[in-house]
There are 2 protein chains.
Amino acid sequence: MANMKEIARMAGVSLGTVSNVINKTANVREPVRQRVLEAVKTVGYQPSQLARGLRRDKTNTIGMIIPDITNPFFPAVVRGAEDVAYSNGYRLILCNTDNDHYKELVHLNELRTYLPTGLIVIPSSLSDLTAQAESYRKSGTGVVCIDRLPRHWSGDTVTVDNAKVAFIATRALLELGHKRLSMITGPLHFTNSQNRLSGFKRALRGAKIQISPDYIQEATFDKQDGYSKAMVLLRMIPRPTAIFAGNDLMALGVLLALRECGLRCPEDISVMGFDDLELAETTNPSLSSVSQPGYQLGTSAARILLDRVNGDEGPARHLVLDTALKIRDSIGPVSRARS
Amino acid sequence: MANMKEIARMAGVSLGTVSNVINKTANVREPVRQRVLEAVKTVGYQPSQLARGLRRDKTNTIGMIIPDITNPFFPAVVRGAEDVAYSNGYRLILCNTDNDHYKELVHLNELRTYLPTGLIVIPSSLSDLTAQAESYRKSGTGVVCIDRLPRHWSGDTVTVDNAKVAFIATRALLELGHKRLSMITGPLHFTNSQNRLSGFKRALRGAKIQISPDYIQEATFDKQDGYSKAMVLLRMIPRPTAIFAGNDLMALGVLLALRECGLRCPEDISVMGFDDLELAETTNPSLSSVSQPGYQLGTSAARILLDRVNGDEGPARHLVLDTALKIRDSIGPVSRARS
DNA sequence: CGCTGACTTTGAAAGCTTTCATTATTTCCA
DNA sequence: TGGAAATAATGAAAGCTTTCAAAGTCAGCG
């Protein structure tokens with residue numbers, strides 16, 4: 001591939017001048033500038049991002065560390081980040097951690113050797129990435145945590161008010177007359193799970209409703225575990241009349257469990273999800289859920305990163321995005337007959 | 001960050017020796033080797049991938065170009081590729097094209113400046129990336145096309161036998177007594193759409209069934225367009241008794257359209273999808289579909305790439321992965337009453 | 001015309017690694 | 001023990017860009 005030296009030769013100028021033309025880092029007289037541009041065009045020259053990165057101590061690259069692209073909530077987030085990145089000339093390096101602390105560390109460590117401009121991280125279980133992140137920030141590399149936060153995190157964040165919207169969703173169930181509400185939470189070492197649970201509890205307290213601790217089950221955010229924990233709940237006596245799942249994947253598992261137990265939704269049991277994945281609309285019955293702006297989570301994070309690159313030295317930003325409750329067919333009034 | 005020079009100084013050896021220890025590129029006497037390793041460990045040295053890439057003319061990076069990570073078929077593919085890449089020390093740079101030829105070109109062009117080891121591409125509409133790909137291959141960069149193929153493509157491929165499995169799926173519908181079969185295809189400039197259609201047609205010919213050309217509708221692989229084209233089909237007289245959608249997203253649109261028209265599935269109309277997305281199980285009714293091994297598509301592509309890096313100079317490989325027909329509730333015998 | 005100050009252009013150095021021709025050291029055998 | 005052959009270690013060069021001090025050019029003014 002053509003290099004700068006060749007352009008310099010073709011245009012009859014020095015390396016420095018070519019660099020100045022390409023990066024607009026200094027004035028170059030118009031005719032000279034034209035000659036350089038011409039040469040660039042003729043050979044289709046593109047600067048080596050490697051050499052540039054090496055010299056500048058930073059590449060046009062953003063590391064994106066997420067749990068698992070295969071979980072339907074994350075693609076939108078990634079896409080959001082990629083869109084903003086792409087339109088500003090950045091590329092995304094994608095890393096899956098499977099919520100594995102070790103894998104997260106490895107990625108965090110190895111990504112550094114590519115000198116990314118910044119990192120967008122959906123942190124994994126128990127991770128205390130402060131040390132790592134500090135070391136990134138020390139070298140001028142921004143780190144934005146999204147969706148959930150690691151312990152002791154003081155940097156930029158983009159999240160959703162999980163507690164508040166969980167409160168609202170729970171209230172919707174309460175207003176339908178439910179008294180025996182249960183929740184299947186995500187892993188409770190994730191801040192988002194914690195907050196959803198606390199919103200749920202706050203709504204119950206507000207309604208002066210006490211539930212058995214067994215009505216709160218912790219699961220791993222996947223369909224399979226949602227199913228298992230639903231089975232546990234369905235066998236309890238008295239049985240809950242509503243199940244709030246910590247995400248839609250688990251809600252899906254709940255629906256499966258209901259079907260298998262010959263229970264009707266929402267007549268026998270109401271189900272509420274969280275995430276509002278596309279599939280929520282097409283389940284049977286369609287799933288009521290909390291809609292999270294995944295795409296914007298990604299775009300906002302990328303924008304913050306770019307702001308930081310462009311010299312924003314302000315205090316840590318904590319963006320909280322809006323959510324909305326989507327009521328569909330999976331929730332209904334508690335049936336007199338059975339309660 | 002620590003660099004090689006520092007290691008060399010700490011271990012009291014030269015740069016070359018450090019390099020030889022790290023890359024095992026030459027014998028180094030054990031005590032010396034230990035000293036170097038020790039130093040590496042003490043300061044947590046990691047070689048700069050940029051400098052290394054610059055020198056070696058290649059980075060541990062794989063460019064992955066796909067239409068849209070937000071389309072639920074692709075995450076599994078990406079994950080497959082990432083898993084194989086990761087466990088061999090490679091990173092994935094993810095690029096979405098939105099099936100936009102121009103964006104594809106831009107990515108293809110710019111990715112080159114990062115000197116990736118290889119490219120995994122799900123080619124976009126009309127793309128004739130032979131020229132680009134040739135230029136990559138000339139510089140020793142492998143390119144593997146998956147899922148669908150560009151015109152005139154002679155390099156490595158990983159696909160699925162779309163025609164065959166579409167034939168089988170269509171046969172399943174025929175065996176249920178359907179005579180008025182229709183198909184909503186994906187964009188017909190994609191080879192996978194073409195092949196699915198040709199399998200469909202072949203099955204019809206085999207059964208000596210003629211259908212109106214209107215029964216074949218071309219759509220854009222998304223739910224919205226599946227819905228619109230289904231509406232077109234449902235207004236036809238006589239109305240088809242079965243609709244084969246070119247992918248599950250469109251099949252979803254078909255189900256929506258049916259619901260809106262007050263038609264029952266499968267009693268009034270049978271629906272067959274393609275992809276077997278996770279949501280196929282949970283739709284109402286659950287969706288019969290062709291199961292494609294998305295994850296393996298990704299892993300296989302990455303493996304071929306790595307083989308090429310490791311010196312496999314053999315002729316182009318054309319891997320064709322297995323598929324399976326998943327029969328669920330959305331197809332049934334044609335109802336006498338209405339036909 | 002000559003000088004000053006402003007603006008352009010130059011080219012060497014630096015950034016970090018790998019490579020390879022050379023030099024140094026060790027080993028082995030006579 | 002001496003010397004040749006084999007094995008190790010060295011360090012300069014190369015890969016491509018950006019940066020910046022220094023050198024060059026130009027216009028304007030006295």
Side-chain angles (χ1 to χ4, degrees), chain A residues 1-37 39-40 43-61 89 110 112-117 139-141 309, chain B residues 1-37 39-40 43-61 89 110 112-117 139-141 309:
Chain A
M1 247 173 44
N3 60 15
M4 248 176 71
K5 211 159 138 195
E6 193 175 336
I7 302 295
R9 198 180 42 68
M10 286 174 68
V13 297
S14 71
L15 283 182
T17 300
V18 176
S19 179
N20 283 330
V21 169
I22 288 173
N23 303 299
K24 306 197 206 324
T25 49
N27 278 334
V28 174
R29 266 181 315 146
E30 196 51 26
V32 179
R33 201 174 139 266
Q34 286 306 332
R35 285 211 313 276
V36 172
L37 256 24
V40 166
V43 303
Y45 168 73
Q46 287 180 291
S48 156
Q49 295 291 340
L50 294 190
R52 175 178 279 184
L54 184 59
R55 187 61 236 250
R56 286 192 182 157
D57 220 50
K58 159 178 306 198
T59 62
N60 284 338
T61 265
E110 302 198 342
R112 196 200 314 270
T113 63
Y114 290 94
L115 300 186
T117 281
S139 59
T141 309
V309 179
Chain B
M1 248 172 44
N3 59 16
M4 247 175 71
K5 212 159 138 196
E6 193 176 336
I7 302 295
R9 196 180 43 69
M10 286 175 68
V13 297
S14 70
L15 284 181
T17 300
V18 176
S19 179
N20 282 331
V21 169
I22 288 174
N23 302 300
K24 306 198 206 323
T25 49
N27 279 333
V28 174
R29 266 178 314 147
E30 197 51 26
V32 179
R33 200 172 140 266
Q34 285 306 333
R35 285 211 313 274
V36 172
L37 257 23
V40 165
V43 303
Y45 168 74
Q46 288 179 291
S48 155
Q49 295 291 340
L50 294 191
R52 175 177 278 182
L54 183 59
R55 189 59 238 250
R56 286 193 182 157
D57 221 49
K58 160 178 305 200
T59 62
N60 284 337
T61 266
E110 303 199 341
R112 196 200 314 270
T113 63
Y114 290 93
L115 299 185
T117 281
S139 60
T141 309
V309 179

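Just so you know, these numbers use all the heavy atoms, side chains as well, and skip hydrogens, waters and symmetry mates. All values reported here derive from a predicted model rather than from experimental measurement. Proteins come first, then strands; the chains are lettered A, B, ... in the order of their sequence lines, and each starts at number 1.
- To the nearest 0.5 Å, atoms CD1 (B:Ile7) and CZ (B:Arg9) are separated by 9.0 Å.
- In this structure, the separation between CD on A:Gln46 and CZ on A:Arg52 is 10.0 Å, given to the nearest 0.5 Å.
- Taking every heavy atom of both residues into account, A:Pro116 and A:Arg112 meet most closely at CD-O, 4.0 Å.
- Once you apply a 4.0 Å limit to the heavy atoms of chain A, the touched nucleotides of DNA chain C run 5' to 3' over C:dT8 to C:dC16.
- For A:Arg35, there are no side chain to side chain donor-acceptor pair (under 3.5 Å) partners at least two apart in sequence or on another chain.
- Atom-to-atom distance recorded for A:Lys5:NZ and A:Tyr45:OH is 13.0 Å, nearest 0.5 angstrom.
- The distance from atom OG1 of A:Thr59 to atom CG of B:Leu50, rounded to the nearest 0.5 Å, is 6.0 Å.
- At least one side-chain heavy atom of B:Asp57 sits under 4.5 Å from a side-chain heavy atom of B:Leu115.
- Scanning all heavy atoms of the two residues, the minimum distance from B:Ser48 to B:Ala51 falls at OG-N, 3.0 Å.
- End-to-end axis angle for the helix from C:dC1-D:dG30 to C:dA30-D:dT1, using five pairs per end and rounding to 10°, comes out at 60°.
- Among the atoms of the strands shown, none is found under 4.0 Å from any heavy atom of A:Asp57.
- Across all non-hydrogen atoms, the minimal contact from B:Lys58 to B:Gly140 is NZ-O, 3.7 Å.
- Here the CZ-CD distance, from A:Arg56 to A:Gln49, works out to 8.0 Å after rounding to the nearest 0.5 Å.
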For a quick test of your reading: what N or O donor-acceptor pairs under 3.5 Å do the side chains of residues 10-22 of chain A make, sequence neighbours left out?
from: A:Ser14; atom 1: OG; to: A:Thr17; atom 2: N; distance (Å): 3.4
from: A:Ser14; atom 1: OG; to: A:Thr17; atom 2: OG1; distance (Å): 3.3
from: A:Ser19; atom 1: OG; to: A:Asn23; atom 2: ND2; distance (Å): 3.2
from: A:Asn20; atom 1: OD1; to: A:Thr25; atom 2: OG1; distance (Å): 2.5
from: A:Asn20; atom 1: ND2; to: A:Gly16; atom 2: O; distance (Å): 3.3

What N/O pairs connect the protein and nucleotides 7-9 of chain D at under 3.5 Å? Give each pair on its own line.
from: D:dA8; atom 1: OP2; to: B:Asn27; atom 2: ND2; distance (Å): 3.3
from: D:dA8; atom 1: O3'; to: B:Arg29; atom 2: NE; distance (Å): 3.2
from: D:dA9; atom 1: OP1; to: B:Arg29; atom 2: NE; distance (Å): 3.4
from: D:dA9; atom 1: OP1; to: B:Arg29; atom 2: NH2; distance (Å): 3.3
from: D:dA9; atom 1: OP2; to: B:Arg29; atom 2: N; distance (Å): 3.1

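- Of all non-hydrogen atoms in B:Gly89 and B:Asn60, the two that sit nearest each other are O-CB, 3.5 Å.
- Taking a 4.0 Å limit (strictly below) on heavy-atom distances, residues 43-54 of chain B reaches DNA chain D at B:Ala51, B:Leu54.
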